[in-house]
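Working notes, structure below.
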There are 2 protein chains.
Amino acid sequence: MVGDCVAELAKLPDASVDLVFADPPYNLQLEGALTRPDQSLVDAVDDDWDKFASFEAYDHFTRAWLLSCRRVMKPNATLWVIGSYHNIFRVGAILQDLGFWILNDVVWRKANPMPNFRGRRFTNAHETMIWATKGPDAKGYTFHYDALKAGNEDLQVRSDWYLPLCTGGERLKDGDGKKLHPTQKPEALLARIMMSSSNPGDVVLDPFFGSGTTGAVARRFGRSFIGVERERAYADAALARIAAVEPLPADALLAPPEKRSEPRIPFMSVVEAGLLAPGAVLCDERRRFEAVVRADGSLAMGKLIGSIHKMGALAQGLPACNGWTFWHTASKAGLEPIDALRKTLRATMPAA
Amino acid sequence: MVGDCVAELAKLPDASVDLVFADPPYNLQLEGALTRPDQSLVDAVDDDWDKFASFEAYDHFTRAWLLSCRRVMKPNATLWVIGSYHNIFRVGAILQDLGFWILNDVVWRKANPMPNFRGRRFTNAHETMIWATKGPDAKGYTFHYDALKAGNEDLQVRSDWYLPLCTGGERLKDGDGKKLHPTQKPEALLARIMMSSSNPGDVVLDPFFGSGTTGAVARRFGRSFIGVERERAYADAALARIAAVEPLPADALLAPPEKRSEPRIPFMSVVEAGLLAPGAVLCDERRRFEAVVRADGSLAMGKLIGSIHKMGALAQGLPACNGWTFWHTASKAGLEPIDALRKTLRATMPAA
DNA sequence: TTAGCAAATGAATCTGCCA
DNA sequence: ATGGCAGATTCATTTGCTA
């Protein structure tokens with residue numbers, strides 16, 4: 001359906017939807033342009049649909065679409081909303097005010113987020129999703145606990161999901177080869193949501209359809225969908241995209257588990273874990289160089305301070321160095337590379 | 001201080017605190033007892049201090065303590081709040097309503113979370129922290145970007161942190177060997193917070209002091225602290241715990257100077273110091289462009305004259321450029337950025 | 001054809017000092 | 001307050017060009 005989501009949802013009957021996925025405007029409040037260190041311009045989300053006059057206006061908008069969704073949800077339906085720190089707290093509070101019952105908040109950890117170019121904050125590397133029922137009494141909602149666990153090496157699926165951004169061939173392009181939609185979500189994200197909390201044949205509603213990821217995944221996994229989108233151009237592209245999707249055979253509907261690569265361990269974590277105390281002295285294999293461990297996970301050689309890798313390189317006068325194998329701890333048993341401490345830590349961190 | 005946090009904070013002067021860490025009651029809504037699959041009872045948080053009659057009551061409480069903290073915060077102070085999906089959305093929305101400016105939301109991914117015993121939800125494996133300034137104009141907040149990066153494999157630190165729960169010897173016990181406090185936070189979590197966003201000597205305020213993790217970490221890392229706790233038993237245990245903490249030596253604590261705060265060197269000084277003679281020729285790394293050093297510290301490319309930055313930008317056709325890293329001097333050893341000359345000059349200057 | 005290197009890019013509330 | 005300007009700042013991937 002093309003049009004405003006509140007107006008369009010009014011045309012649907014009560015209690016007709018099994019699952020809602022909503023990716024509303026985030027209400028980013030951007031001032032001025034942002035450039036990368038190479039002076040190129042960051043392509044920001046500056047569309048009109050993401051502009052609100054005030055928090056109050058955004059809250060009003062949020063309450064309206066949430067109420068519309070609530071009416072068309074079946075009693076045991078669930079709703080997913082995705083957002084960032086700009087909007088998700090407001091959305092969550094309003095959800096609760098309207099009587100929704102939060103089951104989980106789930107964090108999408110981005111494998112390849114955009115860095116913080118100015119170095120003034122932590123890399124904004126995740127978005128938050130809220131999963132909720134209509135109320136505390138809706139105990140009969142769909143959740144494929146056993147299937148998810150079986151697909152996750154027999155471990156319960158956690159509330160933090162690690163997935164790449166939507167890029168490459170999956171990303172829809174316009175005629176000029178530019179991205180069609182500024183915030184297209186990866187299909188893998190929608191796949192996890194639908195596989196966990198809906199059944200084949202269910203009706204899935206997306207009130208902010210955009211480039212139609214929800215529809216594409218619904219079709220592939222044998223769900224029906226209703227999408228509402230205000231912009232005709234997005235809606236047209238979404239329908240064309242969905243038409244090209246090949247539905248999966250009914251017996252192949254559980255996604256295989258993703259493979260994990262070895263977790264990266266920051267040297268900071270070794271200090272935090274108590275495997276090395278701040279002030280401890282490291283040396284190289286031939287005891288030519290010494291460096292002192294600092295509380296923040298950096299190393300000091302005299303007044304020079306840097307990472308284990310930087311300081312190893314500096315000591316040897318080389319352009320680069322693997323600090324894990326260069327630096328050693330001394331004990332009565334002899335020298336031991338700090339890589340051994342990393343191995344110890346990895347053994348205790350199964351899911352990093 | 002022992003007592004209600006709003007009443008106790010009223011005794012503090014305005015603008016006297018550099019950092020706030022708050023771990024407020026979560027407003028958990030548990031109906032009936034929760035049992036594990038083996039029917040043993042889960043020791044959930046059901047203390048009186050975690051009970052609120054309604055969302056309105058919780059919001060009122062939240063607004064009150066946030067306002068109290070806001071008053072005692074210095075203009076460039078920052079505030080961290082931790083919570084779960086039960087309360088964090090309300091806290092975040094109220095923060096924004098009160099004018100706080102969110103810098104990041106940071107996710108604490110628990111290495112060893114409690115499983116979901118009923119198998120009806122995802123394992124609740126994270127908690128959310130919000131990091132905020134008093135307002136959008138507070139640009140001078142403390143953030144040790146370079147130090148954090150050095151301790152993290154030379155990569156920016158992301159907004160998702162992977163840390164174990166507070167267990168084992170770190171967990172405070174009461175006389176019966178039971179855990180003293182239901183939500184004791186790990187010291188590693190507070191350590192990251194304080195190392196990233198405070199300096200030695202800073203005043204750290206914790207309005208919900210509990211078992212005193214904030215105080216213990218503050219003492220170890222050379223920060224002052226103010227803790228407010230309503231329950232005498234917790235406060236007593238916290239003080240005993242903190243008294244046993246061994247402060248780290250000062251030289252393991254000082255963050256390395258952030259690049260952006262190093263003393264400025266006018267390019268003219270490099271010429272004045274004789275490190276570059278007027279008339280010397282500079283070029284870029286690929287020898288595409290050349291410029292001549294002038295006696296007044298400007299550069300000339302043909303008839304065009306300007307600062308090292310202006311001329312670097314002009315040469316590349318970019319809006320801006322860091323001339324210190326763009327321009328190089330040529331010698332038999334090869335090209336060297338003029339930033340090396342600046343480093344030489346800085347080393348000869350008296351410490352600030 | 002392929003390997004290697006350069007360029008592009010993703011929901012971003014992204015500087016600080018001095019005149 | 002505001003303007004001007006020095007100068008500090010990026011990670012994981014994919015695409016595309018060149019040898």
Side-chain angles (χ1 to χ4, degrees), chain A residues 23-47 49-52 55 82-88 108 110-128 164-171 173 177-179 181-186 208 210 261 264, chain B residues 76 96 100-105 132-133 135-137 139-141 143 145-146 149 152-159 258-268 286 297 306-313 319-327 338-339 342:
Chain A
D23 183 11
Y26 286 8
N27 192 24
L28 301 184
Q29 294 157 49
L30 307 176
E31 302 204 10
L34 179 66
T35 54
R36 304 168 194 271
D38 65 4
Q39 306 302 324
S40 66
L41 202 63
V42 174
D43 184 14
V45 176
D46 54 359
D47 306 69
W49 49 254
D50 198 42
K51 296 227 191 319
F52 294 85
F55 283 136
I82 185 167
S84 66
Y85 66 86
H86 309 83
N87 72 322
I88 198 65
W108 169 28
K110 300 180 182 183
N112 45 348
M114 198 188 307
N116 185 287
F117 296 118
R118 291 283 131 74
R120 294 293 291 144
R121 305 181 177 193
F122 298 100
T123 307
N124 195 0
H126 74 276
E127 293 190 23
T128 301
L165 298 176
C166 178
T167 59
E170 190 186 321
R171 189 94 196 206
K173 303 293 199 304
K178 297 275 177 192
K179 61 188 174 192
H181 192 281
T183 71
Q184 184 178 342
K185 295 293 175 288
F208 306 98
S261 58
R264 185 190 286 276
Chain B
N76 278 321
Q96 292 180 312
F100 286 95
W101 192 248
I102 299 178
L103 296 171
N104 281 112
D105 59 334
T133 59
D137 298 327
K139 304 273 195 190
Y141 58 88
F143 181 55
Y145 177 78
D146 291 330
K149 192 174 167 180
N152 187 46
E153 305 280 285
D154 287 323
L155 295 174
Q156 289 188 344
V157 174
R158 298 168 41 116
S159 58
E258 294 290 315
K259 253 196 193 149
R260 52 182 10 107
S261 62
E262 282 189 291
R264 289 186 176 220
I265 306 278
F267 181 61
M268 182 172 54
R286 289 197 247 161
S307 70
I308 52 171
H309 312 296
K310 278 273 154 60
M311 298 315 286
C321 166
N322 183 340
W324 291 109
T325 51
F326 178 74
W327 294 110
I338 57 175
D339 202 30
R342 180 168 65 162

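Each chain gets a letter, A, B and so on, in the order the sequences are listed, and its residues count up from 1. Reckoned from all heavy atoms, side chains included, excluding hydrogens, waters and symmetry mates.
A parallel orientation is assigned to the rings of H181(A) and W49(A), their planes being inclined by less than 30° (bins at 30° and 60°).
A close approach under 4.0 Å does occur between a side-chain nitrogen or oxygen of N124(A) and OP1 or OP2 of dT13(C).
dC14(C) and dG10(C) have their C1' atoms separated by 15 Å, given to the nearest Å. Here, dA6(D) and dA11(C) have their C1' atoms 31 Å apart, quoted to the whole Å.
The residue D146(B) sits close only to the backbone: its heavy atoms come under 4.0 Å of sugar-phosphate atoms, none of a base. Using a 4.0 Å heavy-atom distance criterion, L34(A) is classed as a base contact. Using a 4.0 Å heavy-atom criterion, one finds that W49(A) contacts the bases of the nucleic acid, with or without backbone contacts as well. Contacts of S307(B) with the nucleic acid, taken as non-hydrogen atoms under 4.0 Å apart, involve only primed sugar atoms and P, OP1 or OP2. The residue K185(A) sits close to a base: some heavy atom pair falls under 4.0 Å. Nucleic acid contact class of P136(B) (heavy atoms, under 4.0 Å, all strands): none. Residue I102(B) is in base contact, counting any heavy-atom pair closer than 4.0 Å across all strands shown.
Annotation: cation-pi geometry satisfied between R120(A) and Y141(B) (NZ/CZ under 6.0 angstrom from ring centroid, within 45° of ring axis).
Between F117(A) and dC14(C), no base-stacking contact is recorded for ring centres under 5.5 Å apart and planes less than 30° from parallel.
Under the 3.5 Å distance criterion, with hydrogens and angles disregarded, no donor-acceptor pair is assigned to the side chains of S84(A) and E127(A).
One finds no salt bridge joining K259(B) and D146(B) here, because no Lys/Arg side-chain nitrogen approaches an Asp/Glu carboxylate oxygen to under 4.0 Å. Using a cut-off of 4.0 Å between Lys/Arg side-chain N and Asp/Glu carboxylate O, K179(A) and D43(A) are scored as salt-bridged.
Once you apply a 4.0 Å limit to the heavy atoms of chain B, the touched nucleotides of DNA chain D run 5' to 3' over dA6(D) to dA12(D).
Using N1 to N3 plus N6-O4 or O6-N4 for Watson-Crick, or N1-O2 and O6-N3 for G-U wobble, each under 3.5 Å, dA12(C) pairs with nothing. When Watson-Crick and G-U wobble pairs are counted only if both distances are under 3.5 Å, dT10(D) pairs with no nucleotide at all. Nucleotide dT2(C) is matched to dA19(D) when pairs are restricted to Watson-Crick or G-U wobble geometry with both distances under 3.5 angstrom.
Of the possible polar contacts, one joining the R158(B) side chain to the K110(A) backbone as a donor-acceptor pair under 3.5 Å is found. The closest donor-acceptor contact from the side chain of S159(B) to the backbone of A125(A) lies under 3.5 Å.
Toward the 5′ end of DNA chain D lies the nearest nucleotide of I265(B), the other residue of the pair I265(B) and L155(B) mapping further downstream. Residue K110(A) is the one, among R260(B) and K110(A), whose nearest nucleotide of DNA chain C lies closer to the 5' end (criterion: closest heavy atom). In terms of position on DNA chain D, the residue among A111(A) and P266(B) whose nearest nucleotide sits closer to the 5' end is P266(B).
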Can you tabulate the close N/O pairs, meaning under 3.5 Å, that link protein atoms to atoms of nucleotides 17-19 of chain C?
none

Report all interatomic pairs (protein N or O, nucleotide N or O of nucleotides 5-9 of chain C) with separations under 3.5 Å.
none

